[in-house]
Structures are given as structure tokens and as C-alpha cells.
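Data block below; observations after.
Proteins come first, then strands; the chains are lettered A, B, ... in the order of their sequence lines, and each starts at number 1.
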Amino acid sequence: MPELPEVEVVRAGLAPAVTGARIAAVDVLDARALTRHDAASGDFEALTTGVTIAAAVRRGKFMWLPIGANRAIVGHLGMSGQMLLRSPEHPGDDRHARVRIHLEHPEHGELRIDFVDQRTFGSLAVDGMVPTPDGAAAGFSGDVTGEWAASIPTQVAHIARDPLDPAFDDELFLERMSRRASGVKRVLLDQGVVSGVGNIYADESLWAVRLHGEQPASTISKRRARELLRAVRDVLGKALDEGGTSFDAQYVNVNGASGYFAHSLNAYGREGLPCPRCGTPMVREAFMNRSSHRCPRCQRLQRRREPGRAATGR
DNA sequence: AAGAAAACCTGGGTGC
DNA sequence: TGCACCCAGGTTTTCT
């Protein structure tokens, strides 16, 4: 279940191998991996073969490799996608290998990236790029930069910046929170408000600040919303430091090693286990076709409206 | 127009 | 052993 930290681990692992590399050949083994690719713009293999990759960039859970003037290969791991960096000789007999990208790197020689994806929610696509509205870098690309930096693939343009992005607008986030009547967890999962947060880290962040996921976002005071944002950053940053979360080896980083943050989860997947804060057994509740985990004691629905906030919000 | 629900997809696990 | 069913969940699309 790759969320921001897991995707960043993949991006960082890929970066040295792809930066400056030329795509020698591309094998599309399963066209379902290209569902986000607009065939009208041309054939995926034809558009990518022969180009040179400038960098590996990420915003939230989206990743892209700038190629040429205003183009990029956009990738999303979905739920089970992996980008496996391999030598050209690797058998590559994975059951779920979808796309193979053969690279020629000026220093590292021949390499291969296998896009492997069991559940096929992930995808690759060639997409055009447009300038970012604020002119700031579109995403995180390590210490690599270039003229492509302030451009964003069109299919990622509607995605909000992620909370670890230096150009993330805290006030805009708080403003949007205050206007949404939906439960705060829904808002956290809305990639148009803040990107990179998925089901696991949403539960972790809410636990950290003792908020019930169904608490209407508009009823949360600005102060608490700030605390929540801080918690989100903390949870994502910590996971990043520890290399990402992995439970069933769905997520494997570019070197094939599983993430290992699962042991430090406080809420997610802990149904029936004691809350690390108060000892009350944690509960699991149905939510948007998935599950929410919370402490029934620490994270209660606050019925009273916060003082100083008008009934219409704002 | 916000917000909810459906659809996409496969493998592992469970109950009978 | 086999089979039906449920579950995991990010994003887009569709419907209200």
C-alpha cells in the first residue's frame, strides 16, 4: 500500500539509475499497465524509446521522469506496483511483470526497470507538462534540477502539493479544511487538498492528535487542524526515515527489500490490541469500502462545535 | 457542485 | 479438496 514514504523510497532508489540514462527499448507485456496513457498522443513504446531521462520527480504518490522538452513518463504504483531495478540479465519471469524499460546509463551501463504490479491499479503513461501556477518546483527530485523542475504532468496538475513539499501552503490547507463538512479522514484522503496520505497514515495521524475520522473537518479549530498537519508531517517523515511500511511484501523497494515501518504503527491494523496511549482495545470500522482503526476512548466524536467558529463555518 | 458510491483488479484467507 | 465469498485500497468515473 504505497503512500508518500513508500513512493519516495522508490523514487530515491530509481533516481541515480535513471538520471541521464537513455531508454534503449521498452517492452509492454500487459497493456492494462497503460490505462492512463492517452493513445491519441502516440504509441507508448514509440514515444519512450530513444529518449533521455532527466530526473525522477515525485508529488504525493505520483512519480514522473521528465523526457524531452515538455514531456514526462508518469507512474503511479496503485496498490501493488513495484519498480524493480535489475541487471539486463535478470530472468524477469515475474508473474505480474507489466512493462520492462531497458536503460543505457553513461556511468552504470545497461540497466533494466521492471514495472511489476499484481493488482494492476498502477500505471505508466507519457504525458505533456504544464508550468506550475506558483512557479515553484512541481515536486521533489532530490538535488537534481533543470528547466523541467517547474513543470508538472497534466494528469498530476490537479493533485495538491504534499505536506513535505517546501512550497506546501499551510494556510490554504487550513482554509480548505474549515470549509469541508465531510469527516476529517475523508479530507485527509482527498489528494486535491493534501497529497501523499493514504488509509494507513491517515489513521496514524488521527490517532496522534486524538481525532475521530468522522469528525466534520469544518468543526475542527484552526489550532487543532494545525496540530493535525504537524502530525501528518511527523508520521510521514518518520515512515520515510524508516524506509516505508510493508505488511505482506506487496510493497518492495527498488532493491527488493521490504519496508519495515509496520512495527511502529499505533493504530492501523491493531483491531483488538490495546491503544498504545490508554490501553483501551482499538476498534476497526468500515469506511469507504475499507477500514478505519481508532481508539474508542482517545478518539471520540466531538459533538460540540468549537467556540469562536460560526455555524456556517469560516 | 459537493459528496457518495461504484468500478477497476488479483491473491490470500476463511468458512462450509 | 473445492468452491463461494470476503478483504486489501488509490484513483477515476458515475450518479445523486
Which nucleotide in C:dA8, C:dT11, C:dG10 has an atom nearest any side-chain atom of A:Q191: C:dT11
Flag for A:D117-A:H96: side-chain donor and acceptor within less than 3.5 Å: no
4.5 Å side-chain heavy-atom contact, A:R22 and A:E104: yes
Per A:R95 side chain, nearest of listed nucleotides B:dG11, C:dG10, C:dA8: B:dG11
Distance-only polar pair, side chains of A:D127 and A:H37, donor-acceptor under 3.5 Å: no
Atom-pair distance (CG on A:L77; C1' on B:dT10), nearest Å: 17 Å
Sugar-phosphate, base or nothing in reach of A:T35, heavy atoms under 4.0 Å: nothing
For nucleotides 3-7 of chain B, which of its nitrogen or oxygen atoms have a protein nitrogen or oxygen under 3.5 Å away, and what is each distance?
| residue | atom | partner | partner atom | Å |
| --- | --- | --- | --- | --- |
| B:dG3 | OP1 | A:A181 | N | 3.4 |
| B:dG3 | OP2 | A:R180 | NE | 2.7 |
| B:dG3 | O5' | A:S182 | OG | 3.4 |
| B:dA4 | OP2 | A:R186 | NE | 3.0 |

Position toward the 5' end of DNA chain C (nearest nucleotide), A:R284 or A:M288: A:R284
Between the first and last five pairs of the helix from B:dA2-C:dT16 to B:dC16-C:dG2, the angle of the axes, rounded to 10 degrees: 50°
A:Q118 side chain near B:dC9 phosphate (N/O to OP1/OP2, under 4.0 Å): no
A:H96 vs B:dC9: side-chain N/O to OP1/OP2 distance below 4.0 Å: no
Donor + acceptor pair across side chains of A:S292, A:K185 (<3.5 Å): yes
Please write out each protein N/O paired with an N/O of nucleotides 12-15 of chain C under 3.5 Å, distance rounded to 0.1 Å.
| residue | atom | partner | partner atom | Å |
| --- | --- | --- | --- | --- |
| C:dT12 | OP1 | A:R36 | NH1 | 3.3 |
| C:dT12 | OP2 | A:H158 | NE2 | 3.4 |

